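Computed from a predicted model, the values in this text were never measured in an experiment.
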There are 2 protein chains.
Amino acid sequence: MTIGTAAPRRTRIQQEKRELILEAALEVFSANGFRGSTIDQIAEAAGMSKPNLLYYFRRKEDIHETLMQRLLDTWLAPLRELDDIGDPLTELRSYIRRKLEMARDFPRESRLFANEILQGAPRIMPLLAGELKTLVDEKAAVIKGWMRAGKIAKTDPWHLIFSIWATTQHYADFDVQVRAVLGPNRGGDGRFEDAARFLEQLFLDGLKPKGSASSK
Amino acid sequence: MTIGTAAPRRTRIQQEKRELILEAALEVFSANGFRGSTIDQIAEAAGMSKPNLLYYFRRKEDIHETLMQRLLDTWLAPLRELDDIGDPLTELRSYIRRKLEMARDFPRESRLFANEILQGAPRIMPLLAGELKTLVDEKAAVIKGWMRAGKIAKTDPWHLIFSIWATTQHYADFDVQVRAVLGPNRGGDGRFEDAARFLEQLFLDGLKPKGSASSK
DNA sequence: CAAATTTTTGACCGATTGGACAAACGTTAG
DNA sequence: CTAACGTTTGTCCAATCGGTCAAAAATTTG
């Protein structure tokens with residue numbers, strides 16, 4: 001992809017230790033934010049001393065940057081899979097489901113991004129205006145095609161994507177609030193199934209009563 | 001309300017300076033989070049020296065705590081206004097509109113809360129499980145009544161509220177991302193009107209095409 | 001005016017931070 | 001064994017942090 005960034009040669013130990021550090025850093029950064037996290041915390045979570053950690057990543061920012069670059073790919077994978085083949089409504093429904101599953105299975109990754117964006121995305125702004133915008137514009141065009149073909153209701157594709165991001169990631173980023181409000185009973189493990197059912201209904205039929213609801 | 005917390009007597013200057021500090025702190029905290037903000041930053045934003053600021057608020061946490069208590073009332077005002085009188089669909093639509101207006105007009109307040117929740121809400125957890133849960137449960141009961149009466153579609157009221165929070169606050173909390181993706185043209189001042197139109201359609205009719213769409 | 005009180009500030013402190021560095025340790029190859 | 005190389009750590013440092021304190025400055029009170 002990027003030219004000029006020669007991939008450095010690494011020993012087997014370096015590979016493993018770097019992975020260990022990144023895993024620990026994900027845990028710490030996602031819980032405390034970048035400035036709220038210390039190298040010592042990450043080192044302890046990785047089971048090594050601070051100077052040893054700094055032997056593998058020379059600066060705190062390097063860890064964060066590496067994490068972000070890797071995560072962006074994982075995070076956008078569901079959107080990349082949104083394809084023009086297949087039934088549009090089914091395609092959107094499975095996109096929503098997959099995003100919700102990611103919020104459930106990778107909440108740390110979600111919070112890491114949320115933290116970064118919340119504080120103005122100082123470290124990944126170029127990625128947002130570049131890679132991300134390109135991808136979204138591309139998928140928005142696909143969705144627009146579906147609308148023109150009368151397969152789904154006509155509306156703003158960009159804001160549609162935003163609303164899917166917002167509603168699904170909410171269950172990762174605002175997890176403590178969701179659980180506090182739902183209480184011990186409804187806030188247990190079943191909350192993601194409840195959310196999935198609700199979101200499917202919301203995005204397909206909205207809130208209007210009866211009318212000519214569920215087809216097929 | 002709370003007994004035992006005697007309201008301290010304050011001079012006119014103390015009132016004004018405390019307001020000045022809280023305004024500055026809102027700016028700084030919302031942009032950098034609690035741990036990412038320094039007393040010096042807040043003091044400079046308030047136009048005073050650090051010791052002078054600490055004369056009005058003895059600890060950094062006191063500023064944050066005072067901010068949070070005040071903001072929670074403002075922030076939940078739209079939900080409090082959700083009433084059983086009037087047409088349910090109209091009531092919900094105006095709630096969504098008001099929440100979106102708050103995201104537009106008070107983005108710093110939104111980000112302040114988002115920052116706090118993201119990091120596990122260590123300082124306001126009691127408020128979430130107490131005051132907030134009570135309010136949401138109460139309004140969920142109102143919405144449930146509408147569903148039983150066939151006024152709106154049957155679905156989960158709690159997750160409905162979550163989805164309204166998520167979609168509207170997204171435009172404050174993830175503002176930089178929204179603007180980066182929409183670009184200079186669509187990301188300008190008109191983005192909130194676009195969002196309002198989209199959200200109204202989403203929550204009322206969903207994405208299913210044609211069918212028996214907009215009534216009235 | 002002068003005394004009392006409130007407000008403001010410069011200087012300072014201990015703790016924590018990100019990071020540097022040389023020495024020690026471990027491993028492998030000859 | 002020993003030289004070379006990769007890995008690990010104890011120690012240290014300058015910068016920054018939240019917060020203290022005494023004294024100066026401003027304001028209010030009599």
Would R191(B) and D175(B) satisfy side chain to side chain contact (heavy atoms under 4.5 Å, CB included), going step by step from the backbone distance to the final call?
CA-CA 10 Å; R191(B) 68 190 189 278; D175(B) 182 53; 2.8 Å; yes
According to ring-ring contact (aromatic ring centres under 6.0 Å, His included), who are the partners of F203(A), at least two apart in sequence or on a separate chain?
none
For nucleotides 8-25 of chain C, 5' to 3', base contacts (B), sugar-phosphate-only contacts (S) and non-contacts (-) with protein non-hydrogen atoms under 4.0 Å give BBBB-----SBBBB----
Which pairs pass ring pair (Phe, Tyr, Trp, His ring centres under 6.0 Å) with one or both residues in residues 127-146 of chain A, sequence neighbours excluded?
none
Can you tell me if Q14(B) touches the phosphate of dT6(C), counting only side-chain N or O atoms and a distance under 4.0 Å to OP1 or OP2?
no
To the nearest angstrom, how far is H64(B) atom NE2 from dG18(D) atom P?
13 Å
Cation-aromatic face contact R104(B)/Y171(B), 6.0 Å, 45 degrees:
no
Within the 4.5 Å heavy-atom criterion, are F162(A) and T167(B) side-chain neighbours or not?
no
